[in-house]
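A short write-up of the structure that comes next.
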Amino acid sequence: MRKNYWRSNLKILSILLSLWFLVSFGFGILFSDFLDSFKIGGFKLGFWFAQQGSIYFFVILIFIYVYLMNRLDKKYEDNKGQDNTQ
Amino acid sequence: MDTQSLTYLFVGLTFALYIAIAIWSRAVTTSDFYIAGKGVNPVANGMATAADWMSAASFISMAGLIAFLGKDGSVYLMGWTGGYVLLALLLAPYLRKFGQYTVPDFIGTRYYSNAARLVAVICLIFVSFTYVAGQMRGVGIVFSRFLEVDINVGVIVGMCIVFFYAVLGGMKGITYTQVAQYCVLIFAYLVPAIFISILMTGNPIPQLGFGDTLVNSSTYLLDKLDQVTTDLGFTPYTENTKSRIDIFCITAALMFGTAGLPHVIVRFFTVPKVSDARKSAGYALIFIAILYSTAPAVSAFARMNFIDSVQETQYKIAPNWFKNWENIGLIAWKDKNEDGLIQYSAGNALEGVKPNFTNEKGLSGERLTVNDPDMSNDNEVYIDRDIMVLANPEIASLPGWVVALVAAGALAAALSTAAGLLLVISASISHDVLKKTFMPQITEKQELFYARCSAAVAIFIAGLFGIYPPGFVAQVVAFAFGLAAATIFPALVMGIFYKRLNKEGAIAGMISGLVITSAYIINFKFINAQLNSSENWFLGISPEGFGFIGMLLNFCIAISVSFFYARPPENVSLMVDQIREP
């Protein structure tokens with residue numbers, strides 16, 4: 001049970017951290033010049049990711065993490081309760 | 001009322017508020033003093049973390065830096081926010097579950113070694129004092145410019161306030177004061193940004209405004225800025241000048257460094273539950289993002305306004321702010337072509353970059369400098385980047401109360417960060433060095449007394465930094481982040497995620513990270529400062545970004561050394577299992 005919990009935790013972490021890397025280092029730095037060829041409003045897209053977008057995504061990622069972990073914690077607690085009654 | 005009386009009023013009112021909060025939330029136990037009795041609401045803790053984190057550097061210097069760096073400035077924006085994702089996902093919940101008082105506490109217990117604990121304390125003290133020195137310069141600038149008092153008097157007043165609420169209130173007092181300080185600083189940051197955004201683009205939301213068109217024109221602000229900067233000989237505002245690998249490494253060093261900063265981590269020890277630690281990191285980042293997403297807008301507005309208001313203006317009729325800042329030595333003008341007009345463009349105005357003023361006045365009434373003009377370019381203006389945020393409301397001719405508000409906000413930012421840092425310094429001395437290492441027999445009451453004493457001593461030393469500012473403040477900021485990334489962050493992450501890591505590995509890792517990062521930075525910043533340029537750097541990585549390399553080295557060495565020594569003892573393994581559980 002505990003192993004499952006930890007494994008699900010690591011899965012959540014690796015997905016979210018990949019997204020974290022993608023929006024900041026990916027869109028904001030490595031592919032930034034390429035994205036600059038697109039524009040939204042007055043912003044070049046790469047510039048927007050580097051100075052605005054990455055920050056918004058960081059906030060969203062943390063709240064997705066909070067949501068997923070609370071769900072996982074609850075599942076874990078419920079299972080533990082069942083184990084005890086058996 | 002004139003601007004100066006308004007400034008006195010605002011600063012006085014906010015200071016009175018901080019003291020009132022301190023009296024209301026005194027610390028009684030060591031748990032109160034170190035971690036606010038674990039009773040802080042996650043939203044309040046988020047605000048306190050945001051105030052703790054956003055220092056004089058974020059409030060005063062960052063937008064100014066970005067204004068002159070353009071797209072390169074994004075290293076600070078991403079670096080200083082992205083670290084919170086790492087903190088929330090990799091550290092905060094587990095360290096809260098561990099449930100002790102300080103960061104060295106975790107390292108000492110997880111690596112079952114007081115040597116590891118002391119290495120962590122040394123890194124922590126170094127990182128924190130570096131940071132405090134920067135805050136004191138911020139307090140000094142605000143006092144000398146807006147209240148026209150001597151810098152020393154300003155620093156002493158600031159120190160007395162911090163002394164009062166940090167020594168009396170400990171973490172509990174600091175937390176609730178920081179909540180108030182966050183409100184003051186964010187209000188003070190947003191009001192002028194919104195005003196200027198409306199003036200320049202007609203859009204009341206600065207984050208959207210700087211991607212909008214200029215008032216009465218169909219040209220986008222950023223396009224105009226690109227064009228103007230290109231015309232003056234700079235790299236276009238929205239393009240990078242630094243190499244990609246350097247930007248990558250600086251951003252990474254700042255992110256991992258942020259996640260390893262002890263005064264930020266310790267904030268997550270103060271909430272009641274593990275799930276609150278996660279939530280709290282999210283709220284902290286929202287509160288931080290409000291300022292950090294506004295900052296690049298402020299930068300773009302400031303750069304545009306600055307160029308508009310000084311370029312080709314006759315010095316005699318130059319705006320007041322230009323002369324005010326010249327008076328305190330942060331702006332200088334050298335009339336290279338002797339036409340009495342101010343010309344601003346790329347390049348250094350003066351030989352040796354920073355002005356060194358004489359007491360004489362030039363033909364137009366400007367302050368003369370000892371430095372000769374740098375004749376390799378036409379630029380006539382020296383401007384210190386630190387002044388952009390403070391000068392911005394004046395440059396845009398906003399009303400006096402906005403200027404006063406910005407002064408109060410800048411002080412809130414500097415004081416809240418200074419207090420948080422002083423607290424981790426004092427906690428690591430009274431708790432880790434005294435109680436856990438050298439004087440285990442002291443009672444809780446004595447420990448609390450020592451905590452207050454070390455807070456007082458730390459404040460005194462920080463005050464000295466403010467009164468006799470070391471000339472190397474700017475250089476050592478790279479140091480603080482680099483070291484946090486190269487030493488503290490890997491030790492914490494591997495402590496949680498890699499059970500096999502033993503004390504030999506952890507200590508070897510921390511020491512190698514510490515040594516290589518310090519050696520690289522000291523070499524390029526102090527010993528061979530003249531060689532500090534990209535062709536001499538390792539793989540083109542600047543000293544600011546080298547902490548990332550130090551961190552990778554720490555991981556490699558720690559893991560390899562671990563294999564040559566025994567596994568960690570059973571009880572440590574159990575402890576790690578325990579912190580991994582919800």
Side-chain angles (χ1 to χ4, degrees), chain A residues 1-3 5-10 12-17 19-21 23-33 36 39-77 80, chain B residues 66 70-75 77-79 81-90 93 201 207-213 219-224 226 237-240 244 247-248 251-252 255 274-275 278-279 281-286 288-289 292-293 295-297 299-300 497 577 580-582:
Chain A
M1 188 53 225
R2 186 194 272 162
K3 276 212 166 124
Y5 174 82
W6 187 243
R7 213 170 294 140
S8 321
N9 180 16
L10 291 182
I12 293 173
L13 287 185
S14 38
I15 294 171
L16 292 177
L17 287 177
L19 288 172
W20 163 80
F21 184 84
V23 292
S24 51
F25 292 96
F27 295 165
I29 298 173
L30 299 174
F31 317 123
S32 187
D33 289 347
D36 273 347
K39 269 188 119 176
I40 41 167
F43 292 110
K44 292 181 191 165
L45 194 57
F47 178 84
W48 184 79
F49 264 104
Q51 300 214 334
Q52 294 275 297
S54 53
I55 302 176
Y56 303 138
F57 276 99
F58 293 151
V59 174
I60 296 169
L61 285 176
I62 297 186
F63 279 96
I64 295 176
Y65 172 73
V66 169
Y67 171 76
L68 292 176
M69 286 308 281
N70 284 346
R71 213 175 57 172
L72 187 66
D73 282 1
K74 195 162 174 298
K75 208 166 106 190
Y76 179 79
E77 288 301 316
K80 216 161 72 176
Chain B
I66 299 169
K71 190 175 177 189
D72 281 351
S74 49
V75 296
L77 295 164
M78 289 192 283
T81 51
Y84 276 83
V85 178
L86 297 169
L87 199 58
L89 272 57
L90 300 177
T201 65
Q207 285 85 340
L208 301 176
F210 91 117
D212 214 331
T213 52
T219 317
Y220 285 114
L221 174 98
L222 287 171
D223 290 343
K224 178 81 192 284
D226 273 350
Y237 189 80
T238 60
E239 284 174 26
N240 289 123
R244 197 166 287 173
I247 293 179
F248 188 99
T251 308
M255 279 189 188
V274 175
S275 59
R278 297 194 284 256
K279 216 188 295 170
Y283 284 118
L285 189 58
I286 290 190
I288 292 167
Y292 272 65
S293 58
S299 311
F497 289 88
D577 277 333
R580 286 176 176 191
E581 259 187 73

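So that the names make sense, note that chain A is the first sequence line, chain B the second, and so on, each numbered from 1.
For B:F248 and A:F25, the ring centers are positioned less than 6.0 Å apart.
Between B:M78 and A:A50, the shortest heavy-atom distance links the atoms CG-O, 3.5 Å. A:Y65 approaches B:P93 most closely through the heavy-atom pair OH-CG, 3.7 Å. Across B:R580 and A:Y5, no two heavy atoms sit closer than the pair O-CE2, 3.3 Å. Scanning all heavy atoms of the two residues, the minimum distance from B:G70 to A:Q51 falls at O-NE2, 3.2 Å. Scanning both residues, B:Q207 and A:F43, for their nearest heavy atoms gives O-CZ, 3.5 Å.
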- side chain to side chain contact (heavy atoms under 4.5 Å, CB included) between A:N70 and B:R278, worked out: CA-CA 9 Å; A:N70 284 346; B:R278 297 194 284 256; 3.3 Å; yes
- Message: With salt bridge (Lys or Arg N to Asp or Glu O under 4.0 Å) as the criterion, how do A:K3 and B:D577 come out once you've worked through the C-alpha distance, each side chain's angles and the decisive distance to 0.1 Å?
- Response: CA-CA 10 Å; A:K3 276 212 166 124; B:D577 277 333; over 6 Å; no
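Shown here is A:R71, whose CZ atom has no more than 12 heavy atoms of other residues, nucleotides or ligands within 6.0 Å.
Between B:M255 and A:S24, the closest side-chain pair of non-hydrogen atoms falls below 4.5 Å. With a 4.5 Å cut-off on side-chain heavy atoms, A:M69 and B:S275 do not count as touching. Using a 4.5 Å heavy-atom cutoff, the side chains of A:F57 and B:V85 are not in contact. Residues A:W6 and B:F497 form a side-chain contact, since some pair of their non-hydrogen atoms from C-beta on lies under 4.5 Å apart.
Using a 4.5 Å cut-off between heavy atoms, B:A252 contacts chain A through both its backbone and its side chain. No part of B:I288 comes within reach of chain A, as not one of its non-hydrogen atoms sits under 4.5 angstrom from that chain.
The CG atom of B:L89 sits 7.0 Å away from the CD1 atom of A:I62 when rounded to the nearest 0.5 Å.
Proximity of a side-chain donor or acceptor of A:W20 to a complementary backbone N or O of B:G82 within less than 3.5 Å is detected.
Note: A:I29 leads A:L13, A:L17, A:V59, A:I29 in heavy-atom pairs under 4.5 Å with chain B. When the candidates A:V66, A:L16, A:L30, A:L61 are compared by the number of heavy-atom contacts under 4.5 Å with chain B, A:L30 comes out ahead. By number of non-hydrogen pairs under 4.5 angstrom with chain B, the leading residue of A:F49, A:Y67, A:W48, A:Y56 is A:Y56.
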